[in-house]
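Just below is one structure, and these are the notes that go with it.
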Amino acid sequence: QGQLVESGGGSVQAGGSLRLSCVGYGITDDCLAWFRAVPGKEREAVAGLNYGGVRKDYADSVKGRFAISQDESKRTTFLQMDNLKPEDTGTYYCAAARWCRNTYRPEEYRKWGQGTQVTVSS
């Protein structure tokens, strides 16, 4: 089954940066994504890395500010977040899918981490 473990969340002021990490244990899927959950809204993808990194996609709200990447082993997936805004506040989850559809719907992902909280103050 495998497991995903996130870390790196915290509280920062607007304009600051954070780097989230997602370590996969027993995960070999080529489709990784970061989702954000906020109260009153559906969980939505903010960044996706498919086909082992060949394709990367970002939500319009984070383009130019966030970057998804992996280490050489591809066992750790990062989300570099720069120029953070208060609206970036939420719980961030990494997720893995067996196959890549490039649509980044939550139901496509079979494995989820426990989430890490990001709070951005103005």
Side-chain angles (χ1 to χ4, degrees):
Q1 291 293 325
Q3 183 180 7
L4 297 172
V5 180
E6 302 106 327
S7 63
S11 298
V12 299
Q13 294 185 351
S17 298
L18 287 172
R19 188 179 74 164
L20 307 183
S21 297
C22 174
V23 180
Y25 299 91
I27 300 294
T28 59
D29 297 344
D30 287 334
C31 317
L32 278 298
W34 287 93
F35 287 78
R36 179 171 63 209
V38 298
K41 296 186 64 176
E42 296 181 347
R43 185 175 300 185
E44 64 177 358
V46 297
L49 185 153
N50 285 348
Y51 311 111
V54 173
R55 181 186 176 103
K56 298 179 181 179
D57 296 290
Y58 300 93
D60 288 341
S61 62
V62 306
K63 285 182 178 178
R65 300 188 298 115
F66 289 11
I68 189 170
S69 63
Q70 292 182 309
D71 65 357
E72 293 181 1
S73 71
K74 298 187 177 181
R75 295 278 67 84
T76 304
T77 302
F78 304 99
L79 184 66
Q80 178 67 43
M81 304 184 293
D82 296 326
N83 192 23
L84 283 161
K85 301 177 179 180
E87 50 263 43
D88 295 320
T89 294
T91 304
Y92 285 73
Y93 299 85
C94 64
R98 184 174 296 176
W99 56 85
C100 307
R101 298 180 180 179
N102 302 322
T103 49
Y104 305 103
R105 296 171 296 184
E107 58 266 30
E108 298 172 3
Y109 294 82
R110 69 182 186 93
K111 185 65 65 177
W112 294 81
Q114 82 288 347
T116 185
Q117 178 67 34
V118 172
T119 302
V120 184
S121 60
S122 60

Response to the item:
Value for CD (Glu108) from OG1 (Thr103), rounded to nearest 0.5 Å, stands at 3.0 Å
Worksheet entry | From CD (Gln70) to OG (Ser21), nearest 0.5 Å | 12.0 Å
Worksheet item: Side chain of Thr89, backbone of Val120: donor and acceptor closer than 3.5 Å?
Response: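 Looks like yes, one N/O pair under 3.5 Å.
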Worksheet item: So which pairs with a foot in residues 90-100 pass side chain to side chain donor-acceptor pair (under 3.5 Å), sequence neighbours left out?
Response: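 Passing the test, one end in residues 90-100: Arg36-Tyr92, Thr91-Gln117.
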Worksheet entry | Identified salt bridge (charged side-chain N to carboxylate O under 4.0 Å, His left out) partner of Asp29 from the options Arg110, Lys111, Lys74 |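 Checked Arg110, Lys111, Lys74 against Asp29; only one passes salt bridge (charged side-chain N to carboxylate O under 4.0 Å, His left out): Arg110.
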Worksheet item: Under 4.5 Å between any side-chain heavy atoms of Leu20 and Met81, yes or no?
Response: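 Side chain of Leu20 against side chain of Met81, heavy atoms only: contact under 4.5 Å found.
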Item to complete: Decide yes or no for Cys94 and Leu4: does some side-chain heavy atom of the first lie under 4.5 Å from some side-chain heavy atom of the second?
Response: yes
[X] versus [Y], closest heavy-atom pair with distance:
X      : Y     : value
Asp88  : Arg65 : OD2-NH1, 2.7 Å
Gln114 : Val5  : OE1-CA, 3.7 Å
Ile68  : Tyr58 : N-OH, 2.9 Å

Worksheet entry | By side-chain contact (heavy atoms from CB on, under 4.5 Å) - contacts of Ser73 (at least two apart) |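 So Ser73 forms a side-chain contact (heavy atoms from CB on, under 4.5 Å) with Asp71, Arg75.
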Fill in: Summary of disulfide bond (SG atoms under 2.5 Å apart) pairs that have at least one residue in residues 29-82, sequence neighbours excluded
Cys31-Cys100
Using atom types as modelled, flag every donor-acceptor pair under 3.5 Å from a side chain in residues 41-52 to any protein atom, sequence neighbours excluded.
from	atom 1	to	atom 2	distance (Å)
Asn50	ND2	Asn102	OD1	2.7
Asn50	ND2	Tyr104	OH	3.2
Tyr51	OH	Asn102	ND2	3.3

Fill in: Qualifying ring pair (Phe, Tyr, Trp, His ring centres under 6.0 Å) pairs, either residue in residues 5-44, two or more places apart
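Qualifying pairs, neighbours excluded: Phe35-Tyr109, Phe35-Trp112.
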Please tabulate, for the side chains in residues 8-18, all donor-acceptor contacts under 3.5 angstrom to protein atoms that are two or more places apart in sequence or on a different chain.
from	atom 1	to	atom 2	distance (Å)
Ser17	OG	Asp82	OD1	2.9

Worksheet item: Any Lys/Arg nitrogen of Asp60 or Lys63 sitting under 4.0 Å from an Asp/Glu carboxylate oxygen of the other?
Response: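 Salt bridge between Asp60 and Lys63, a charged N being under 4.0 Å from a carboxylate O: yes.
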Discussion item. Between Val118 and Leu79, is there shared hydrophobic-cluster membership here, with clusters defined by ILVMFWY side-chain heavy atoms closer than 4.5 Å?
Written reply: yes
